[in-house]
Protein chains: 2
Amino acid sequence: MSDTTATTPRGREATRQRLLDAAAEVFAEVGLDATSVESVCERAGFTRGAFYSNFASKEEMFLELAASVARSRVAEVEARVTELAGEGTLEATPATAVALVERVLDLPGDDRLGVLLMSEIRIHALRNPAMAEAFLEQDRELGRNIARMIGDIARASGLRLALPQDQVAQLLLLVWEGTMTRAVMAGRDRLGARDEVQKSLAGVVPLLIAGSD
Amino acid sequence: MSDTTATTPRGREATRQRLLDAAAEVFAEVGLDATSVESVCERAGFTRGAFYSNFASKEEMFLELAASVARSRVAEVEARVTELAGEGTLEATPATAVALVERVLDLPGDDRLGVLLMSEIRIHALRNPAMAEAFLEQDRELGRNIARMIGDIARASGLRLALPQDQVAQLLLLVWEGTMTRAVMAGRDRLGARDEVQKSLAGVVPLLIAGSD
DNA sequence: GTCTATAGAGGGATAGAC
DNA sequence: GTCTATCCCTCTATAGAC
């Protein structure tokens, strides 16, 4: 059935994944430098031997995790934008456009741990040119997808954008990120954070999408 | 002249300050956890003995540094807002208001190292409730001052705000921070970063301050 | 008040058993 | 492929000299 190339064909992938999942939690909770390989292994139910059989080092694993998170986020947003475009449910007023933006940007794992993990990735990107390039590329890719959605909404609804698509998209991402961060810092849970983000967007989005037709 | 209470009256304060300055750099460059007390002392021109004579631990020093940075930022912004109000130079159009906002928010030390240090402080605040409270209080205080300035400008210029003062202020801070972070990550120098921030603000500010009478 | 020396703990990475 | 044992280095924090 499944291809049995080496010794534990799907076991290896499963181990890698369990280690990566555990690492995502620990990295988020205490940061890369304060994370011991042992603590990751413990949470995943392995010992250090398994870790070093799958990853060259703690840093290499962090890079892989960051890349994986970036891919997931971009793919998820792209899928939602495409889905939205396919549904043809893009008619909106400046007020109801907020819900569409929320539907696209409310990513899975964008809870307390997710925000912490993204913050951890971001600060390492600030210090590491290679990571910075990858981070900014993810940011641009997210921006392109949001810009596409914004453009679709404006076109379908006869609304005029107050700023160029790209700038609107970057602004939305920035408001989302900043508001989420502040909400998490204030101890809001997932619902409370969503609430604050919605309030922020409800203020900003109508200014960006002015009615015209 | 100066009060000679103990042994080295102003020498002690000078040592503390040199250690704090050195620590600010190292914390920014590599992060709290990757910082060794030794590296801070080396940069300040001392050895570990001097450090532990002045600070209880690395963490305690970080807290003190974070508090000091927060105080400076709040004080600087407040001083500029008050200065601006005193000058009576608050007449502005939606376009020229950008320069006033810039003049207040372009803080000293808001270069690459400053952004890194604030990011480091922020991520620890995300993980530490006590630091979070202090960080959010600084944020609110900055917001109050910006809101005051925004209100003054609108009143003096006969402009109408598109959103409540507080929300406008928070949005400006958020745009400032997000744009600066992205600019630093892209490797922009101080001038390049200012440029990007100005472009962002030039887009957003006119939407927030709509002309009326 | 600052320096040198050192104790003591922790963690990254490797080697070899199974 | 995973586990156990271990090497070795780094770092925090303290004790005592000056």
Side-chain angles (χ1 to χ4, degrees), chain A residues 1-66 120 124 127-128 131, chain B residues 2-66 120 124 127-128:
Chain A
M1 280 230 160
S2 60
D3 64 321
T4 337
T5 6
T7 28
T8 323
R10 77 161 52 158
R12 181 165 181 83
E13 268 315 301
T15 299
R16 281 179 70 84
Q17 199 52 53
R18 275 169 62 193
L19 284 168
L20 283 167
D21 290 345
E25 291 182 19
V26 185
F27 287 155
E29 284 166 8
V30 302
L32 172 60
D33 295 318
T35 295
S36 69
V37 172
E38 169 100 44
S39 69
V40 171
C41 295
E42 190 182 10
R43 190 167 305 207
F46 294 97
T47 54
R48 278 183 234 143
F51 182 95
Y52 285 102
S53 157
N54 281 282
F55 303 96
S57 69
K58 188 172 67 163
E59 274 70 25
E60 190 257 9
M61 184 206 215
F62 183 71
L63 289 180
E64 181 169 328
L65 181 64
E120 185 67 20
H124 280 90
R127 297 189 177 120
N128 175 333
M131 282 198 73
Chain B
S2 59
D3 64 322
T4 337
T5 6
T7 28
T8 323
R10 77 160 54 157
R12 180 166 182 82
E13 268 314 301
T15 299
R16 280 180 70 83
Q17 199 51 55
R18 276 169 61 193
L19 283 168
L20 283 167
D21 291 345
E25 292 182 18
V26 185
F27 287 155
E29 284 165 7
V30 301
L32 172 60
D33 294 318
T35 295
S36 68
V37 173
E38 168 100 45
S39 69
V40 171
C41 294
E42 189 181 11
R43 189 167 306 206
F46 293 98
T47 54
R48 278 183 233 135
F51 183 95
Y52 285 103
S53 159
N54 281 281
F55 303 95
S57 69
K58 186 171 68 163
E59 274 70 26
E60 189 256 10
M61 186 208 214
F62 184 71
L63 289 180
E64 181 170 329
L65 181 64
E120 185 67 20
H124 281 92
R127 296 189 177 120
N128 176 333

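Order of the sequence lines sets the chain letters (A, B, ...), proteins ahead of strands, with each chain counted from 1. Just so you know, these numbers use all the heavy atoms, side chains as well, and skip hydrogens, waters and symmetry mates.
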Could you give the distance from CZ (Phe46(B)) to OG1 (Thr15(B)), rounded to the nearest 0.5 Å?
3.5 Å

The reported gap from CE in Met61(A) to CG in Leu32(A) (rounded to nearest 0.5 angstrom) is 10.5 Å

Look at Thr15(A) and dT2(D) and indicate whether a side-chain polar atom (N or O) is within less than 4.0 Å of OP1 or OP2.
yes

Identify whether any heavy atom of Thr35(A) sits under 4.0 Å from a base atom; if not, whether one sits that close to sugar-phosphate; answer base, sugar-phosphate or nothing.
sugar-phosphate

Got a salt bridge between Glu38(B) and Arg48(B), using NZ or NE/NH1/NH2 to carboxylate O under 4.0 Å?
yes

To the nearest angstrom, how far is Leu32(B) atom CG from dT12(D) atom P?
10 Å

dC3(C) P sits how many Å from Phe46(B) CZ, rounded?
7 Å

Using a heavy-atom cut-off of under 4.0 Å over every strand shown, decide if Ser36(B) touches base, sugar-phosphate, or nothing.
sugar-phosphate

Angle between the two end axes of the helix from dG1(C)-dC18(D) to dC18(C)-dG1(D), five base pairs per end, rounded to 10 degrees?
0°

Regarding the side chain of Ser53(A), the nearest nucleotide among dG1(D), dG12(C), dT12(D) is dG1(D)

If I take atom CZ in residue Phe55(A) and atom P in nucleotide dG1(D), what distance separates them, rounded to the nearest angstrom?
13 Å

Side-chain (Arg127(B)) to main-chain (Glu29(A)) donor-acceptor, under 3.5 angstrom:
yes

Between atom CZ of Phe27(B) and atom NE2 of His124(B), what is the distance when rounded to the nearest 0.5 Å?
9.0 Å

Side chain of Arg48(B) only, heavy atoms from C-beta on: which candidate in dG1(D), dA13(C), dA13(D) is closest?
dA13(D)

Need to verify one output field. Residue with the more 5' nearest nucleotide on DNA chain D, Gly49(B) or Asp33(B)?
Asp33(B)

Ser36(A) and Glu42(A), any side-chain heavy atoms less than 4.5 Å apart
no

Given dC3(D), dA13(D), dC3(C), which nucleotide is nearest the side-chain atoms of Thr47(B)?
dC3(C)

One pair to check against side-chain contact (heavy atoms from CB on, under 4.5 Å): Leu20(A) and Gln17(A). What are the steps and the verdict?
CA-CA 5 Å; Leu20(A) 283 167; Gln17(A) 199 52 53; 4.2 Å; yes

Heavy-atom nearest pair, Val26(B) first then Ser39(B), reads CG1-OG, 3.6 Å

What nucleotide, of dA13(C), dT12(D), dT2(C), holds the atom closest to the side chain of Val37(B)?
dT12(D)

Of dC3(C), dG12(C), dG1(C), the nucleotide closest to the side chain of Arg12(B) is dG1(C)

Whole-Å distance separating the CD atom of Glu13(A) from the C1' atom of dG1(D):
13 Å

Taking the side chain of Tyr52(A) as heavy atoms from C-beta outward, which of dT2(D), dT14(C), dC3(D) is closest to it?
dT14(C)

To the nearest angstrom, the CZ-P distance between Phe62(B) and dT12(D) comes to 14 Å

Whole-Å distance, Glu60(B) CD to dT12(D) P, equals 15 Å

For Phe51(A) and dT4(D), give me the distance from atom CZ to atom P, rounded to whole Å.
17 Å

Separation of atom CE in Met61(A) from atom P in dA13(C), rounded to whole Å
12 Å

